[in-house]
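A short worksheet on the structure shown next.
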Protein chains: 2
Amino acid sequence: MASAGPNEPQQSGEQLRQMLPELNSARPTIAEIARRAGVNKSTVSRALRDDPSIPQATRQRIQDLAAQLNYVPNASARHLNHARTDTIALVSRALNLDTGAGSADPFLVELLAGIADEAASHHFDVLLVRAEEGERELGVYQRILGGRHADGVILTDLRPNDHRLAYLCRHRYPHVLFGRSAEDLAEARLYPYPWAEVDNRSGARIGTEHLIGLGHRRIAFIGGGDTYHWERDRRAGYREALARANLPYDPRLCIPSGISQKDGYLLTQQLLSWEEPPTAIFAISDVLAVGVMRAALDAGVQVGPAFSVIGFDGLGLGSYLTPPLTTLRQPINEVGRILVQLLCAVLRGTPPEEPHVFLQPELIVRASTRGY
Amino acid sequence: MASAGPNEPQQSGEQLRQMLPELNSARPTIAEIARRAGVNKSTVSRALRDDPSIPQATRQRIQDLAAQLNYVPNASARHLNHARTDTIALVSRALNLDTGAGSADPFLVELLAGIADEAASHHFDVLLVRAEEGERELGVYQRILGGRHADGVILTDLRPNDHRLAYLCRHRYPHVLFGRSAEDLAEARLYPYPWAEVDNRSGARIGTEHLIGLGHRRIAFIGGGDTYHWERDRRAGYREALARANLPYDPRLCIPSGISQKDGYLLTQQLLSWEEPPTAIFAISDVLAVGVMRAALDAGVQVGPAFSVIGFDGLGLGSYLTPPLTTLRQPINEVGRILVQLLCAVLRGTPPEEPHVFLQPELIVRASTRGY
DNA sequence: TTTGTCTACGCAACCGGTTGCGTTGACTTA
DNA sequence: TAAGTCAACGCAACCGGTTGCGTAGACAAA
């Protein structure tokens with residue numbers, strides 16, 4: 001699998017080994033600067049922070065010296081003092097290679113972009129942590145927050161009765177939720193940490209109503225299990241739309257699934273083999289919808305007004321599918337930004353008056369429901 | 001945009017403000033445990049690390065006490081001692097919202113998954129940092145590595161004469177490269193840090209040869225600028241294949257572009273409007289290929305043997321496109337893992353004998369070149 | 001009983017900054 | 001000239017662990 005590179009391998013390996021001892025060369029400490037400047041550590045510390053109690057001339061001299069020596073303050077030392085790390089963590093299960101997914105979720109990148117951007121402007125670092133499952137799930141949070149690797153954490157993929165949330169609340173570990181807090185938890189009611197969420201239920205309802213408005217009566221809903229709030233809420237929205245339109249709810253049309261394209265593909269294949277297949281499919285995510293559309297195409301079913309497909313998320317990809325995918329767009333970047341703002345506010349000790357942000361998804365109608 | 005959540009907003013905002021003072025409650029330090037156990041700090045420290053100089057019984061007693069108090073050692077304090085942070089950083093420009101991209105790059109998630117997974121098994125944290133551009137570009141590395149936010153960094157999107165690489169080498173900042181090191185840099189020759197790379201040139205050559213083998217003679221190459229190694233190498237592979245097959249190189253067929261689906265779409269539209277359009281298109285990435293195929297479809301051109309499209313990357317998405325996309329698969333997860341292994345080896349002071357890993361991409365032929 | 005050995009643990013310095021408070025010396029005021 | 005003021009900076013403790021070294025006490029050997 002791995003083969004030798006172009007340059008002589010042994011030599012470079014050896015070369016690298018020899019240079020390693022120099023690794024820690026020349027990262028000056030505040031004491032070193034003090035020595036060179038002929039002042040005390042404390043004076044240097046103050047000068048570098050532009051403390052007015054140090055005369056301008058001295059300040060300048062010390063700052064120049066520091067710059068010249070490429071001085072950068074040691075983060076650990078600072079963190080230890082301040083009992084803050086200026087770091088927030090994102091724990092995500094989308095990073096787990098093992099668990100099903102297989103296909104990388106573009107959703108995470110968009111969220112990360114928003115988070116990284118906003119965090120940078122607040123001078124915060126972002127720690128990326130893969131979620132563990134089962135027994136070890138809480139251990140991750142204990143390690144990160146108890147051990148002060150980060151000051152707070154962004155929690156995603158909330159579940160009903162989420163024991164991670166209960167744990168964070170009980171320990172007063174600062175956090176924000178992507179997804180509304182489970183009001184079913186006493187801890188969450190007692191410690192109402194902020195959350196931001198896109199209205200999954202309304203989104204799914206609006207999407208389903210769109211399909212109903214096109215005349216569809218047999219609408220399948222493919223997606224998700226019973227685990228996460230977002231999937232339950234979207235399913236609830238679907239059922240709500242049916243109810244409002246006085247359409248019967250047929251449990252056989254509401255099909256649980258995994259979250260990959262493949263799941264969408266296989267389940268759609270199955271649906272289309274029915275005697276009386278549905279005339280429209282609501283896929284719980286755009287990723288899933290990709291598989292749905294592919295299956296339809298493979299079965300020779302043309303996606304459009306007669307057989308409609310709608311997704312959820314509004315990934316950039318959607319408009320380039322065949323046909324372009326109708327979807328509910330979530331402002332994912334925006335959510336990332338807001339989550340960081342909320343968390344930073346909590347960490348600053350000034351939580352926002354209104355700690356709950358509820359965003360509306362936007363229906364984007366494309367050819368997969370409308371036709372060309 | 002933001003609207004009030006379901007529960008009374010003011011109340012919960014206020015409630016949160018009141019609980020904040022408790023934030024730092026009950027995170028015991030080693031001194032606290034020592035006090036309760038009636039021993040010295042040092043004894044606790046040793047007991048917790050299972051130092052054999054502490055008798056088993058005492059060790060157990062202290063460990064039980066620590067567990068009972070939910071003790072987790074403070075990372076900053078430990079880092080300060082060890083002059084290590086057990087953290088690696090990934091700096092990526094794919095996180096930048098501003099710069100063009102717009103569409104989230106699924107590539108990054110796959111890389112991140114590999115990195116996060118491997119880092120966890122080495123007990124390393126992963127810091128995610130968005131790249132800056134221009135003047136401030138190097139400042140990011142100075143802050144992260146000079147300030148010891150992380151022990152080492154994974155560098156991506158290498159450029160010829162990359163001054164980031166020169167900077168890291170000059171300061172002996174531990175790093176690994178995704179992409180081969182620029183041998184054009186004296187610093188990189190002197191300090192041969194590890195790298196891992198997928199053979200972009202061979203991949204593009206093989207892909208192009210595949211097209212040539214299908215009988216194509218006018219093959220366009222859409223993609224990339226002149227900035228990054230990976231795009232230059234892929235283009236070089238394309239030209240190499242042409243040369244080997246004694247086909248003329250037509251500069252008009254080799255079209256620079258951005259990296260988004262939209263770029264692929266627009267440029268393909270243009271190509272197809274030519275009097276004598278190419279019969280095949282090599283898109284420099286799968287993401288770009290998505291746009292290419294969409295444009296072909298919109299122009300009524302059927303993608304397949306007569307008009308072939310090939311991508312590069314092997315994203316999971318490819319097999320669900322219409323038609324499924326022929327591509328060069330990169331083992332992205334694998335690359336992530338290897339990069340972490342290499343970096344950890346450097347940080348441990350035991351760089352691998354063979355610090356250069358060169359992976360071969362795999363040609364995956366699907367209907368976009370072969371037809372159904 | 002004295003000397004020696006070894007076990008079990010304490011003391012204190014240290015990592016690299018930060019910060020409260022004290023001290024020095026120049027200068028002003030009585 | 002003595003007392004008071006204030007600017008400029010030093011001293012040392014502190015954050016929370018880690019670690020080299022020293023020592024008290026138990027026990028065995030002489």
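Below, chains carry the letters A, B, ... as their sequence lines are ordered, and counting in each starts from 1.
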Where each residue is assigned the nucleotide of DNA chain C containing its nearest heavy atom, which of A:His82 and B:Arg46 is assigned the position nearer the 5′ end? B:Arg46
Could you tell me which residues satisfy salt bridge (charged side-chain N to carboxylate O under 4.0 Å, His left out) with A:Glu32, sequence neighbours excluded, listed by chain and number? A:Arg35, A:Arg36
Applying side chain to side chain donor-acceptor pair (under 3.5 Å), can you list everything that pairs with A:Thr156, at least two apart in sequence or on another chain? none
Reference residue A:His175; test ring pair (Phe, Tyr, Trp, His ring centres under 6.0 Å); the match among A:Tyr193, A:Tyr141, A:Trp195, A:Tyr191: A:Tyr193
Axis-to-axis angle across the helix from C:dT1-D:dA30 to C:dA30-D:dT1, five pairs an end, to 10 degrees? 70°
N-O pairing of A:Arg159 and A:Glu137 below 4.0 Å: yes
Return the set of residues passing salt bridge (charged side-chain N to carboxylate O under 4.0 Å, His left out) with A:Asp125 (not counting sequence neighbours), or none when no residue passes. B:Arg143
List, one per line, each side-chain donor-acceptor pair under 3.5 Å for residues 61-68 of chain A, sequence neighbours excluded.
residue: A:Arg61; atom: NH1; partner: A:Ala37; partner atom: O; Å: 3.3
residue: A:Gln63; atom: NE2; partner: A:Ala47; partner atom: O; Å: 3.0
residue: A:Gln63; atom: NE2; partner: A:Asp50; partner atom: OD1; Å: 3.1
residue: A:Asp64; atom: OD1; partner: A:Gln60; partner atom: NE2; Å: 3.0

Residues in side chain to side chain contact (heavy atoms under 4.5 Å, CB included) with A:Arg136, at least two apart? A:Glu132
Please give me every residue in residues 38-45 of chain B whose heavy atoms get under 4.0 Å of an atom in DNA chain D, ordered by residue number. B:Lys41, B:Ser42, B:Ser45
Test side-chain contact (heavy atoms from CB on, under 4.5 Å), reference B:Ile154, set B:Val126, B:Leu111, B:Val340, output is B:Val340
Within residues 57-68 of chain A, those residues having any heavy atom closer than 4.0 Å to DNA chain C are none
Covered region of DNA chain D, 5' end to 3' end, by chain B [heavy atoms, under 4.0 Å]: D:dG16 to D:dC21
Contacts of A:Thr85 meeting side chain to side chain donor-acceptor pair (under 3.5 Å) (sequence neighbours excluded), chain-then-number -> A:Asp151
Among all residues two or more places apart in sequence or in another chain, which pass the side chain to side chain contact (heavy atoms under 4.5 Å, CB included) test with A:Leu80? B:Asn74, B:Ser76, B:Ala77, B:Leu80
Short N/O separations, protein against nucleotides 22-27 of chain C, under 3.5 angstrom:
none

Neighbour count above 12 (heavy atom, 6.0 Å) for B:Gln56 CD: yes
